[in-house]
2 protein chains.
Amino acid sequence: MRRTDLGGANCPIARSLDEIGDWWTLMIVRDAFRGARRFSEFQRGLGLAKNILSVRLRKMLDDGILELVPAAGGGAHREYQLTDKGLRLRVILVAIRQWGEDHLFEAGEPMMVMVGKEDGQPIGRLRLTSKDGRSIDPWDIDVKDGVRGTEDVG
Amino acid sequence: MRRTDLGGANCPIARSLDEIGDWWTLMIVRDAFRGARRFSEFQRGLGLAKNILSVRLRKMLDDGILELVPAAGGGAHREYQLTDKGLRLRVILVAIRQWGEDHLFEAGEPMMVMVGKEDGQPIGRLRLTSKDGRSIDPWDIDVKDGVRGTEDVG
DNA sequence: CCGTATCCATTCCGATACTG
DNA sequence: CAGTATCGGAATGGATACGG
């Protein structure tokens with residue numbers, strides 16, 4: 001996404017979109033969460049050309065979303081694995097998923113669902129909250145200049 | 001996004017990405033949340049060519065993300081307004097924003113922040129939860145076949 | 001099996017000019 | 001102001017062939 005290059009902007013949305021605001025990247029992350037670890041797994045799961053997958057995977061390695069690690073089973077090859085930064089994309093995928101479930105499917109239509117490993121139940125809905133945990137409606141939010149405070153991390 | 005057209009897939013992520021998985025669309029939504037309502041406002045805010053903006057806005061109208069309404073001030077023209085479906089994209093923007101804040105900014109670097117209209121405080125972090133409200137880690141989630149149950153709405 | 005290199009078609013974007 | 005029409009250049013995507 002080059003456009004007029006907003007990558008250096010001080011808007012976290014613009015900067016994020018420059019890195020992951022691309023169809024394939026998020027689909028690769030989706031498959032990684034599903035357990036895909038090898039080149040061929042991503043390729044079969046997504047049905048994209050190898051050259052494209054190659055470029056995307058390398059960029060995601062460069063961006064620190066994926067990393068290459070020795071094969072889990074002890075094979076000679078290496079496998080792709082989500083970094084912590086990549087794992088944190090799960091929230092975005094869930095948000096996208098829940099929006100799609102609400103607005104892009106008919107009732108009764110089959111779909112893939114996310115369930116907690118522990119209870120096997122569909123995960124809860126994401127909620128916008130104020131600092132003290134109360135729910136906020138989508139329109140009760142403003143945007144203003146600020147600074148990343150270290151105390152906000154975590 | 002044409003690719004191999006996953007739009008009809010039963011994966012909500014793929015289907016969502018087919019509709020909003022595009023750089024400009026989410027940036028337009030971002031500006032709409034910031035208060036942009038007119039063609040020229042979007043154009044100035046995003047710095048994109050008019051022909052592109054024109055196509056994007058029309059598609060978003062078709063998709064029911066935006067709608068045209070009589071000018072708020074009583075002017076002769078009409079203005080773009082987020083539909084309910086569009087307003088629900090706020091959660092996705094917040095998820096994208098928080099990820100970017102965490103991984104794409106240095107401490108102390110200036111950035112735009114979202115604050116609750118009511119208390120003026122930065123909004124809380126999105127949390128993945130199980131059905132009963134307990135927090136879930138990003139890796140403690142599985143994906144399986146399912147159906148959109150009407151009882152899950154809301 | 002894991003990629004890279006090449007080629008071609010399509011799409012996307014920006015600039016500009018133009019209409020109502 | 002709010003778009004539409006056109007054009008050329010750049011990037012993207014798919015297919016295929018090739019190399020480690």
Side-chain angles (χ1 to χ4, degrees), chain A residues 1-7 9 14 17-28 30-32 35-63 65-81, chain B residues 1-7 9 14 17-28 30-32 35-63 65-81:
Chain A
M1 301 61 192
R2 46 272 66 265
R3 355 272 165 179
T4 345
D5 189 17
L6 292 254
L17 256 18
D18 263 345
E19 191 162 309
I20 57 158
D22 140 76
W23 209 86
W24 287 127
T25 299
L26 286 177
M27 289 296 279
I28 289 170
R30 181 201 70 168
D31 277 20
R37 302 179 61 85
R38 302 182 56 162
F39 190 92
S40 58
E41 291 179 299
F42 288 109
Q43 202 203 343
R44 268 184 292 113
L46 297 171
L48 81 175
K50 286 193 293 185
N51 51 356
I52 307 216
L53 178 59
S54 176
V55 171
R56 279 295 186 290
L57 287 175
R58 186 177 24 233
K59 176 162 193 315
M60 293 169 74
L61 289 173
D62 290 344
D63 289 339
I65 292 173
L66 294 175
E67 61 189 342
L68 278 169
V69 299
H77 62 287
R78 297 196 294 171
E79 299 182 338
Y80 295 91
Q81 175 176 279
Chain B
M1 301 58 194
R2 46 267 75 263
R3 354 270 163 179
T4 346
D5 189 16
L6 293 247
L17 256 18
D18 262 346
E19 193 162 308
I20 56 158
D22 140 75
W23 208 86
W24 286 125
T25 299
L26 285 178
M27 289 296 278
I28 289 171
R30 182 201 69 167
D31 276 20
R37 301 179 61 85
R38 302 180 59 161
F39 191 93
S40 57
E41 290 180 299
F42 288 109
Q43 203 204 342
R44 268 183 292 113
L46 297 172
L48 81 175
K50 285 195 292 185
N51 50 358
I52 307 215
L53 178 59
S54 176
V55 171
R56 280 294 186 290
L57 287 176
R58 187 177 22 239
K59 177 164 192 313
M60 292 169 75
L61 289 172
D62 290 345
D63 288 339
I65 292 173
L66 293 175
E67 61 189 340
L68 277 169
V69 299
H77 62 286
R78 296 196 295 171
E79 298 182 339
Y80 294 92
Q81 175 176 277

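Predicted model only: the values in this text are computed from it and were never measured. Chain identifiers are assigned alphabetically (A, B, ...) following the order of the sequence lines, protein sequences preceding nucleic acid strands; residue numbering begins at 1 within each chain.
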For A:Q43, side-chain hydrogen bond (donor to acceptor under 3.5 Å, both in side chains) partners two or more places apart: none

Could you list the residues that satisfy side-chain hydrogen bond (donor to acceptor under 3.5 Å, both in side chains) with A:R38, not counting sequence neighbours? A:H77

Rounded interatomic separation in angstrom, taking CG from B:D22 and C1' from C:dC13: 12 Å

Contact under 4.0 Å: B:R56 side-chain N or O vs C:dC12 OP1/OP2: no

Partner set under salt bridge (Lys or Arg N to Asp or Glu O under 4.0 Å) for A:K50, not counting sequence neighbours: none

Quick check for you: to the nearest 0.5 Å, what is the distance between A:W24 atom CH2 and A:D31 atom CG? 9.5 Å

Checking side-chain polar atoms at under 3.5 Å, does B:D22 have a donor or acceptor matched by the opposite partner on A:W23? no

Quick note, salt bridge (charged side-chain N to carboxylate O under 4.0 Å, His left out) partners involving residues 72-81 of chain A, not counting sequence neighbours, are A:R37-A:E79

Can you tell me how far C1' of D:dA2 sits from CZ of B:R37, to the nearest Å? 16 Å

What is the separation between atom CZ on A:R44 and atom C1' on C:dC1, rounded to the nearest whole Å? 11 Å

Rounding to a whole Å, what distance do you find between B:L48:CG and C:dA15:C1'? 13 Å

So, does A:W24 get its side chain near the phosphate of D:dG13, meaning an N or O under 4.0 Å from OP1 or OP2? yes

In B/S/- notation, 5' to 3', how is nucleotides 3-9 of chain D contacted by protein heavy atoms closer than 4.0 Å? BBBB---

With sequence neighbours left out, what residues match A:E67 under side-chain hydrogen bond (donor to acceptor under 3.5 Å, both in side chains)? A:Q81

A:Q43 CD to D:dG13 C1', in whole Å, measures 14 Å

What is the distance, to the nearest angstrom, from the CE atom on A:M27 to the P atom on D:dT12? 19 Å

DNA chain C in dot-bracket form (Watson-Crick or G-U pairs under 3.5 Å, [ ] crossing, | inter-strand) is |.||||||||||||||||||

Check the distance between D:dA2's C1' and B:L53's CG and give it to me in whole angstrom. 10 Å

Whole-Å distance between C:dT10 C1' and A:I52 CD1? 12 Å

Among the nucleotides C:dC2, D:dG14, D:dG13, which one has an atom lying closest to any side-chain atom of A:A49? D:dG14

To the closest 0.5 Å, what do you measure between CD1 (B:I28) and CZ (B:F42)? 7.0 Å

Going by the rule side-chain hydrogen bond (donor to acceptor under 3.5 Å, both in side chains), which residues pair with A:D63 if we only count those two or more places apart in sequence or in a different chain? A:K59

